[in-house]
> 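Let me give you the structure first, and then I'll get to my questions.
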Amino acid sequence: MADEVVDLEVARQKMKQWRDEPLRNSEEITELGECLILEHGNKLGDELWTIYEQVFLASIDCRKMDLATMCLRELKSQFPDSVRVQKLNAMRLEAFDKYEDAEEIYEKILESEPANAVVRKRLVAILKAQNKIPEAVKELNEYLKKFMGDQEAWTELAELYISQQEHKKAKFCMEELILVNPHNHLYNQRYAEILYTLGGNENVEKSRKYFAQALKLDNNNMRALFGFFMASGYLASSSKDAKTKKENSKFAAWAATKIGERYQNATQEQENENMSELENMLDSLQIAVPQNIPSQRLPES
């Protein structure tokens, strides 16, 4: 009995920790959560319903639809008129690609709760799932008129614009994010990538500065390090000013040395794996190379 109580408390604390932390460990949540519900459900009190919801969301993520259906059935039985449970039901319909049915539920919720931010974002998700990107962009813009402080929504809008090759609009989104959180290295890095994609000496010079800022905020950001090298190399090759050429050549050489050091310090096995990563890094950056860049070689370190 003592062991059972310890196991119960450990499991409860673990589930609470996973709820509080922004981790996407859905497989672990479904395994531990299902066990907790089946073996100790009668000892959890009101926390049982929180765990049902937690397991439901993780089950949707893992496509464990039988488990998700079981959790939703119990929640519906306990809270038949709950808007929150209606939203979960709509999410289950989304998982089965029943978008019209899900949208109908969301629209009904909005009639009584027009400021429900979560539901409005689910409508954007439905449009994205159907590859209706222009409609998703429009809906997200309307959402941001009401919830301007939602950083996740600004990030999503920027990515949607990038997918449509509307980099100037994506640039504006990232500027909004940097204004709110200037110390986020990922925002600085993404903004620099967009500037680099737009091309032209002025944009690329600005991108180099933001890649540098991203590195200053997180010196382990390899995308920023590669971006800094690319921007510096471009400016060293394209600039007509001798001082600017010399300065950026030094920047590019420094970046090349740092890139080399990262892999020289790895074990041989890790180095072989990481060198393959290095070769594919530019492809994974999700940025386009500006047109008319002179060919350039990695400076000798």
Side-chain angles (χ1 to χ4, degrees), residues 18-19 22-30 33-34 37 49-167 169-170 173 176-177 190 286:
W18 287 337
R19 286 196 299 273
L23 300 176
R24 188 168 180 168
N25 53 339
S26 301
E27 287 285 351
E28 294 168 285
I29 289 172
T30 54
E34 184 178 17
I37 289 168
W49 310 112
T50 302
I51 291 173
Y52 265 125
E53 182 178 7
Q54 185 180 5
V55 173
F56 170 84
L57 294 171
S59 301
I60 292 288
D61 197 28
C62 297
R63 304 294 298 180
K64 295 182 177 179
M65 301 313 297
D66 288 343
L67 180 57
T69 300
M70 182 273 287
C71 292
L72 184 61
R73 183 177 63 246
E74 296 299 323
L75 287 165
K76 278 183 174 180
S77 176
Q78 181 68 16
F79 309 103
D81 301 318
S82 168
V83 170
R84 191 163 180 160
V85 174
Q86 290 174 35
K87 184 196 74 176
L88 298 180
N89 185 34
M91 291 177 68
R92 178 179 172 276
L93 291 169
E94 285 184 62
F96 285 109
D97 298 335
K98 296 181 178 180
Y99 299 120
E100 289 185 7
D101 293 338
E103 188 174 355
E104 186 177 333
I105 292 174
Y106 290 139
E107 293 291 356
K108 190 172 293 186
I109 292 172
L110 288 175
E111 287 177 8
S112 57
E113 297 183 7
N116 192 314
V118 174
V119 169
R120 291 193 177 277
K121 289 168 82 170
R122 291 314 311 166
L123 289 172
V124 174
I126 286 176
L127 292 169
K128 277 186 62 184
Q130 297 175 91
N131 202 32
K132 296 179 179 178
I133 304 304
E135 292 88 342
V137 167
K138 182 179 178 181
E139 186 72 29
L140 203 45
N141 271 299
E142 288 299 316
Y143 170 86
L144 282 166
K145 288 178 182 177
K146 300 179 178 67
F147 306 97
M148 291 186 66
D150 191 329
Q151 296 182 45
E152 184 183 69
W154 280 112
T155 304
E156 180 67 28
L157 183 58
E159 295 305 321
L160 289 176
Y161 279 136
I162 289 170
S163 73
Q164 298 296 293
Q165 302 297 308
E166 295 189 80
H167 292 94
K169 292 181 179 179
C173 295
E176 289 292 313
L177 286 166
R190 199 69 176 117
Q286 298 180 12

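Side chains included, hydrogens not; waters and symmetry mates left out as well; all remaining heavy atoms used.
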> Do the non-hydrogen side-chain atoms of Met65 and Arg92 ever get within less than 4.5 Å of each other?
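Yes. Closest side-chain heavy atoms under 4.5 Å.
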
> For the residue pair Gln86 and Phe79, establish whether any side-chain heavy-atom pair is separated by less than 4.5 Å.
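No, their side chains stay 4.5 Å or more apart.
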
> Would you find more than 12 non-hydrogen atoms of other residues, nucleotides or ligands less than 6.0 Å from Arg84 atom CZ?
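No - once you tally the heavy atoms of other residues, nucleotides and ligands closer than 6.0 Å, there are 12 at most.
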
> Which atoms form the tightest heavy-atom contact between Ile162 and Ala170, and what is the distance?
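Scanning both residues completely, I find the closest heavy atoms to be CG1-CB, 3.7 Å.
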
> On a heavy-atom basis, which atom in Ala68 and which in Ile60 lie closest, and how many Å separate them?
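Residues Ala68 and Ile60, closest heavy atoms: CB-CD1, 4.0 Å.
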
> Check the pair Glu135 / Lys138 against salt bridge (charged side-chain N to carboxylate O under 4.0 Å, His left out), numbers first and verdict last.
CA-CA 5 Å; Glu135 292 88 342; Lys138 182 179 178 181; over 6 Å; no

> Rounded to the nearest 0.5 Å, what separates atom CD1 in Ile29 from atom CZ in Arg24?
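Answer for the CD1-CZ pair, Ile29 versus Arg24, is 10.5 Å.
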
> Where is the tightest heavy-atom contact between Asp150 and Lys121, given as atom of each residue plus distance?
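Residues Asp150 and Lys121, closest heavy atoms: OD2-NZ, 3.1 Å.
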
> Would you say Val137 and Leu127 make side-chain contact, with heavy atoms under 4.5 Å?
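In short, these two side chains do not touch, never coming nearer than 4.5 Å.
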
> Between Lys76 and Leu88, is there a side-chain heavy-atom distance shorter than 4.5 Å?
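No, their side chains stay 4.5 Å or more apart.
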
> Could you give me the CA-CA distance, side-chain angles and deciding distance for Leu93 and Glu103, then say whether side-chain contact (heavy atoms from CB on, under 4.5 Å) is met?
CA-CA 9 Å; Leu93 291 169; Glu103 188 174 355; over 6 Å; no

> Counting neighbours of NZ on Lys64 that are heavy atoms of other residues, nucleotides or ligands and sit closer than 6.0 Å, is the number greater than 12?
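Atom NZ in Lys64 is packed in, count exceeds 12.
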
> Of all residues at least two apart in sequence or in a different chain, which pass the side-chain contact (heavy atoms from CB on, under 4.5 Å) check with Glu104?
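Glu104: no side-chain contact (heavy atoms from CB on, under 4.5 Å) contacts found.
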
> Nearest 0.5 Å please: distance from the CD1 atom of Ile105 over to the CD atom of Glu107.
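Taking CD1 in Ile105 and CD in Glu107, the distance rounds to 11.5 Å.
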
> Measuring from atom NZ of Lys169 to atom CG of Asn141, what distance do you get when rounded to the nearest 0.5 angstrom?
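If we round to the nearest 0.5 Å, Lys169:NZ and Asn141:CG are 8.0 Å apart.
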
> What pair of heavy atoms forms the shortest contact from Cys71 to Val55, and how long is it?
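Scanning both residues completely, I find the closest heavy atoms to be SG-CG1, 3.7 Å.
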
> Quick one, Arg190 and Glu159 - any side-chain contact, counting heavy atoms below 4.5 Å?
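In contact.
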
> Do Phe56 and Met70 have side-chain heavy atoms sitting under 4.5 Å apart?
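Contact flag for Phe56/Met70 side chains = no.
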
> Answer yes or no: is there a side-chain heavy-atom contact under 4.5 Å between Tyr106 and Ile126?
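Yes, close enough: below the 4.5 Å cut-off.
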
> Around atom NZ of Lys146, are there more than 12 heavy atoms of other residues, nucleotides or ligands at under 6.0 Å?
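For Lys146, atom NZ is crowded (more than 12 foreign heavy atoms under 6.0 Å).
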
> When rounded to the nearest 0.5 angstrom, what distance separates OH in Tyr52 from OG in Ser77?
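Rounded to the nearest 0.5 Å, the OH-OG separation comes to 9.5 Å.
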
> What I'd like to find out is whether the side chain of Val83 reaches to under 4.5 Å of the side chain of Val119, using heavy atoms alone.
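A side-chain contact under 4.5 Å is absent here.
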
> What are the two closest heavy atoms between Ile109 and Lys87, and how far apart are they?
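Result for this residue pair: CD1-N, 4.0 Å.
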
> Would you name the heavy atoms of Glu27 and Cys62 that are closest together and state the gap between them?
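Closest approach of Glu27 to Cys62, heavy atoms only: N-SG, 3.6 Å.
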
> Find the distance between CG (Leu144) and CH2 (Trp154) and round it off to the nearest 0.5 Å.
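Here the rounded value is 5.0 Å.
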
> Has the side chain of Asn89 got a donor or acceptor atom that lies under 3.5 Å from a matching backbone atom of Val85?
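No: the side chain of Asn89 does not pair with the backbone of Val85.
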
> Counting N and O atoms only, with roles assigned by atom type, does the side chain of Ser163 sit under 3.5 Å from a partner on the main chain of Leu160, one being a donor and the other an acceptor?
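Yes; judged by distance alone, with no hydrogens or angles, the pair exists.
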
> Find the distance between NZ (Lys132) and OH (Tyr99) and round it off to the nearest 0.5 Å.
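Output value for this atom pair is 10.5 Å.
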
> For the backbone of Gln151 and the side chain of Thr155, can you confirm whether one donor and one acceptor N or O come within less than 3.5 Å of each other?
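Here the side-chain-to-backbone pair exists.
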
> Apply salt bridge (Lys or Arg N to Asp or Glu O under 4.0 Å) to Arg122 and list each qualifying residue two or more places apart in sequence or on a separate chain.
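Glu94.
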
> Which is it for Arg120 and Phe147 under the side-chain contact (heavy atoms from CB on, under 4.5 Å) test, yes or no, and what are the steps along the way?
CA-CA 11 Å; Arg120 291 193 177 277; Phe147 306 97; 4.2 Å; yes

